[in-house]
Amino acid sequence: MRFRPSVVLALMLALLTPHGAVGQGSAPAFQPREESPEEFPAHPNRDDAFYGCTACHNFKLVAAQGLSRAQWDETIDLMVKRHKMPEPDAKERQAMLDYLETAFPPRAPAGRGWQNPFLRR
Ligand code: HEC
C-alpha cells in the first residue's frame with residue numbers, strides 16, 4: 001500500500017504535533033504503513049498475516065523472527081493479551097499461522113543466537 005507523498009507529509013506533521021492527550025494506556029501510536037505484503041516471502045495467506053499484524057507495528061518486526069508454529073501461536077496470544085490485539089477467530093488464526101510457520105520457521109539451533117525474550121522459559 002502506498003500513500004501519496006502529500007498524505008505521508010500530513011501524517012508525519014500530525015504525528016509530530018503535540019496534542020496533549022494522545023489516548024491512554026498501552027495503545028501504540030498509529031504508524032503510517034510503508035511496507036507492502038509483496039516485500040515478504042510469497043506463500044498462501046500472506047495478506048492475512050500481513051494485515052493482521054501491521055495494525056500496530058511493521059511486518060519487518062515479525063519477519064525478523066524465526067519460530068515454530070507453536071511459538072507463533074504463543075506470539076499471537078501475547079499480542080492479544082498484552083497488546084490488545086483483537087482476538088482472531090479460529091479461521092484467521094489458522095491462516096496467519098500457516099503463513100508465519102512457512103515463511104519464518106526457526107532458523108538458529110535451539111539455545112543459540114538471538115532469543116525472543118517474551119518466549120523464553
Ligand atoms: C494490537 C496491536 C498489535 C497487533 C495487531 C500485533 N502486535 Fe505484535 N506487538 C505489539 C506491540 C505493542 C509490540 C511491542 C513493540 C515493541 O516492543 O516495539 C509488539 C511486538 C511484537 C513482536 C516482537 C516481540 C519482541 O520480542 O520484541 C513480535 C514478534 C510480534 N509483535 C509479532 C506479532 C504478530 C506475528 C502479529 C500478527 C499475528 C502481531 N504482532 C500483531 C502490538 C501488536
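Keep in mind that this is a model prediction, so the values were computed, not measured.
- You'll find the side chain of H83 stays beyond 4.5 Å of the side chain of C56, heavy atoms only.
- Distance OG1/T75 to CE/M96: 11.5 Å, rounded to 0.5 Å.
- Scanning all heavy atoms of the two residues, the minimum distance from V62 to C53 falls at CG2-CB, 4.1 Å.
- A pairwise comparison of heavy atoms in A64 and R107 identifies O-NH2, 2.9 Å as the closest pair.
- Judged as a side chain to side chain donor-acceptor pair (under 3.5 Å), and not counting sequence neighbours, R46 has no contacts.
- Hydrophobic clustering (side-chain heavy atoms under 4.5 Å, transitive across Ile, Leu, Val, Met, Phe, Trp, Tyr) keeps L67 apart from L61.
- The NZ atom of K60 sits 5.0 Å away from the CZ atom of F40 when rounded to the nearest 0.5 Å.
- In this structure, F59 and A49 approach most closely via the heavy-atom pair CE1-O, 3.5 Å.
- In this structure the side chain of P88 reaches within 4.5 angstrom of the side chain of V80, judged on heavy atoms.
- A heavy-atom distance below 4.5 Å is not found between the side chains of Y99 and F50.
- Y51 is connected to M85 through a chain of hydrophobic side-chain contacts under 4.5 Å among Ile, Leu, Val, Met, Phe, Trp and Tyr, so both are in one cluster.
- Counting all heavy atoms, side chain and backbone alike, A95 lies closest to N45 at O-CB, 3.3 Å.
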Verdict with supporting geometry, H57 and M79, side chain to side chain contact (heavy atoms under 4.5 Å, CB included): CA-CA 11 Å; H57 49 67; M79 294 303 129; 4.2 Å; yes

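- Contacts of D77 classified as salt bridge (charged side-chain N to carboxylate O under 4.0 Å, His left out), with partners at least two apart in sequence or in another chain: R93.
- P86 is linked by a side chain to side chain contact (heavy atoms under 4.5 Å, CB included) to nothing, counting only residues two or more places apart in sequence or in another chain.
- Shortest non-hydrogen contact noted between N58 and T54 is C-CG2, 4.2 Å.
- Residues that satisfy the side chain to side chain contact (heavy atoms under 4.5 Å, CB included) test with S68, not counting sequence neighbours, are A70, Q71, P106.
- The side chain to side chain donor-acceptor pair (under 3.5 Å) search around D98 returns R69, not counting sequence neighbours.
- Remark: D48 pairs with no residue by the salt bridge (charged side-chain N to carboxylate O under 4.0 Å, His left out) rule, at least two apart or across chains.
- Taking each heavy atom of L97 and W72 in turn, the nearest pair found is CD2-CB, 3.6 Å.
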